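Just below is one structure, and these are the notes that go with it.
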2 protein chains.
Amino acid sequence: MATIRDVAKEAGLSTGTVSKALSTPEKVSAKNRLKVEAAIKKLKYKPNLLARRFRSSRANTIVVMVPDIANLFFAKLISGIENVAQQAGFNVLLGDTKDTFEREEAFVRMVETRLADGLINLRPSRSCEPLLAREGVLSVTASSCENTPGVSVRIDNAAAAEKAVSYLVKLGHRRIGLVTGLKDNPHTADRQKGYCQALQAAGIEFDPALVIEGDFNFWSGISAAEQFSQLADRPTAVFCMSDEMAIAAIKGFADRGLKVPEDVSVIGFDDMEVARYVTPTLTTIAQPAEKIGERAASLLIEQINGHTPAIREHVLPYEFIIRDSVGPVNRM
Amino acid sequence: MATIRDVAKEAGLSTGTVSKALSTPEKVSAKNRLKVEAAIKKLKYKPNLLARRFRSSRANTIVVMVPDIANLFFAKLISGIENVAQQAGFNVLLGDTKDTFEREEAFVRMVETRLADGLINLRPSRSCEPLLAREGVLSVTASSCENTPGVSVRIDNAAAAEKAVSYLVKLGHRRIGLVTGLKDNPHTADRQKGYCQALQAAGIEFDPALVIEGDFNFWSGISAAEQFSQLADRPTAVFCMSDEMAIAAIKGFADRGLKVPEDVSVIGFDDMEVARYVTPTLTTIAQPAEKIGERAASLLIEQINGHTPAIREHVLPYEFIIRDSVGPVNRM
DNA sequence: CTGTTAGCGCCTTCAG
DNA sequence: CTGAAGGCGCTAACAG
């Protein structure tokens, strides 16, 4: 591997001049610039960026900590992060934590050991809060929830949920089921709050029998639909905290002979690609995943460059997308 | 930031001894080891891994070049890569190329500039072959196709397609439609070969009218179904080269009043999560995505460690998954 | 504009 | 087992 010294020797110049020719060519005479270029080509010189980083003590890298990379929502978010990072000359190091504390810590340590300049956390969780609070670790939490400490980017989960449920109310529904995410997931709390607010605004009493705890995934949606079907006074509409559960619920209802939206309406959350593919197409809430990623990356890079963001909590607009899985109430 | 020198001073030892205490503690006297540990704790010393990498001229990093990160198949593959990389002490740098040559080159350059030790390519394409062939760039192609140069990992696409089509033949189908991927995608060729082989084995003549070019994505599946529906002698079964197109085709047929599998059978390819969610559930071919990723990572790390893999072309087993979207032929 | 020099933090000789 | 010294490749500071 040719080094800058080899190039200098070949060009008959000093390493300092070659270095300058690379970083600020305009400050080197045209003649010498050409000599350097020729030498570089001849020796196939490639600067050792590992050395450069070491010297500048800047990794030019940000770590993205993601609970599960095989999740479309996170994938889009990451895509947004990449857009901005690339632009700013940063590499993106992907950290799939698989939900283990051990791995979360390993990634935080990468920042502490200077392998990365900062970190974007894609999962607000109690467990990693102390990690992110470690001094010298710059971080941004993306897709956060209310009261996330530090700099964060999110949508207003409560308002989004309220909007969805209000829409059901407007169509005449009064028995509205809720399928939540995992109880200890912070998004669950925010969205449930919105659900309750919508009911209250409509003067509908909260009925615990209509709330079923899920885990955001397919089977819990199926199971919720089964439970709802067996209820004497079953709901005419169901709000699910994820598209995956919503799609599963539609299937679950179908298995019990209930048609969506004729017999029961269903709303999801996330607007995953699939939401457009299923029959009926799914009414849902779209999070601007890519935009959230972009904003998070900007905020992190801003911090890396020594600026403290003026606003700590960034709330981006969500979108309520009406498709075919919701209809007016239509009870016997 | 405390350096190893600060620790040495604090402990009243030399940097060399501290260094040894970190890498090979057993070669340092117990007394001094304790001194070092105390100093580290007191100063909150964290080794500068940037410096370590520079010195060892090993980035301990592999780049994964992916055409589109918002694709479940790739996500799973990456997950497999991460498993192995993490284990071996390597970081995974994600490179979403967004299908541009410019970005592909940027990632290859990372290896040349020593920011990464090697590269895993998740998309076999003519365009990047010369890039990967650059000397000094170690690479593995994952999810490759026949005749991919260099070290590669894949399933036998032709055999998988043949298996799927033979299955349709066995159920009495003789007019079997094919929805391909993009013409210049190498997987398309392999899978079409399998389709033709199956027809030939059954003595069915190849009919170009039954082959429609798609692009692996949703809309091309819809459009293919429409075209098939209008055929005077429409196919009784359709093999699609991706699940997404297959699911779309089912929807497209439904829109034309054709039921799956009663009126027409449909098979997909990939076994994406969705395949289990749609109605009817989708018969398809599963690629061992995670395993492919793991194998690719192992092969790359093997090369980084200076060993040349004995086998260059690794073909992993696929799985044919029978669900509800295929039935026996049932023609008027 | 160019050359010289020093040093980033670490590890690995090589003596002692 | 420990200490001293050198150098990885690069850039920045300073002198010419």
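The shown structure was predicted, so the numbers you read here are calculated from the model rather than taken from an experiment. A note on names: the letters A, B, ... follow the listed sequences, proteins ahead of strands, and every chain is numbered from 1.
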Show each protein N/O and nucleotides 10-13 of chain C N/O combination with a separation under 3.5 Å, one pair to a line.
from	atom 1	to	atom 2	distance (Å)
dC10(C)	OP1	Y45(B)	OH	2.6
dC10(C)	OP1	N48(B)	N	2.9
dC10(C)	OP2	I4(B)	N	2.5
dC10(C)	O2	R55(B)	NE	3.4
dC11(C)	OP1	R52(B)	NE	2.6
dC11(C)	OP1	R52(B)	NH2	3.4
dC11(C)	OP2	S19(B)	OG	3.1
dC11(C)	O2	R55(B)	NE	3.3
dC11(C)	O2	R55(B)	NH2	3.0

Are the side chain of T113(B) and the backbone N or O of R109(B) linked by a donor-acceptor pair below 3.5 Å?
-> yes

Side chain R114(A), main chain L49(B), donor-acceptor under 3.5 Å | no

Rounded to the nearest 0.5 Å, what's the gap from [atom1] on [X] to [atom2] on [Y]? Could you check?
{"X": "K98(A)", "Y": "N83(B)", "atom1": "NZ", "atom2": "CG", "answer": "3.0 Å"}
{"X": "S56(A)", "Y": "L50(B)", "atom1": "OG", "atom2": "CG", "answer": "7.5 Å"}
{"X": "T148(A)", "Y": "R154(A)", "atom1": "OG1", "atom2": "CZ", "answer": "7.0 Å"}

Under 4.0 angstrom between S29(A) side-chain N/O and dT2(C) OP1 or OP2 | yes

Phosphate oxygens OP1/OP2 of dA4(D): is one of them under 4.0 Å from a side-chain N or O of S14(B)?
-> no

May I have the distance from [X] (atom [atom1]) to [N] (atom [atom2]), rounded to whole angstrom?
{"X": "K35(B)", "N": "dG3(D)", "atom1": "NZ", "atom2": "C1'", "value": "13 Å"}
{"X": "L115(B)", "N": "dC10(D)", "atom1": "CG", "atom2": "P", "value": "12 Å"}
{"X": "L50(B)", "N": "dC8(C)", "atom1": "CG", "atom2": "P", "value": "15 Å"}
{"X": "L13(A)", "N": "dG3(C)", "atom1": "CG", "atom2": "P", "value": "5 Å"}
{"X": "L34(A)", "N": "dT2(C)", "atom1": "CG", "atom2": "P", "value": "12 Å"}
{"X": "R58(A)", "N": "dG9(C)", "atom1": "CZ", "atom2": "P", "value": "16 Å"}

Whichever of G12(B) and F54(B) has the more 5' nearest nucleotide on DNA chain D, that residue is G12(B)

Partner set under ring-ring contact (aromatic ring centres under 6.0 Å, His included) for F74(B), not counting sequence neighbours | none

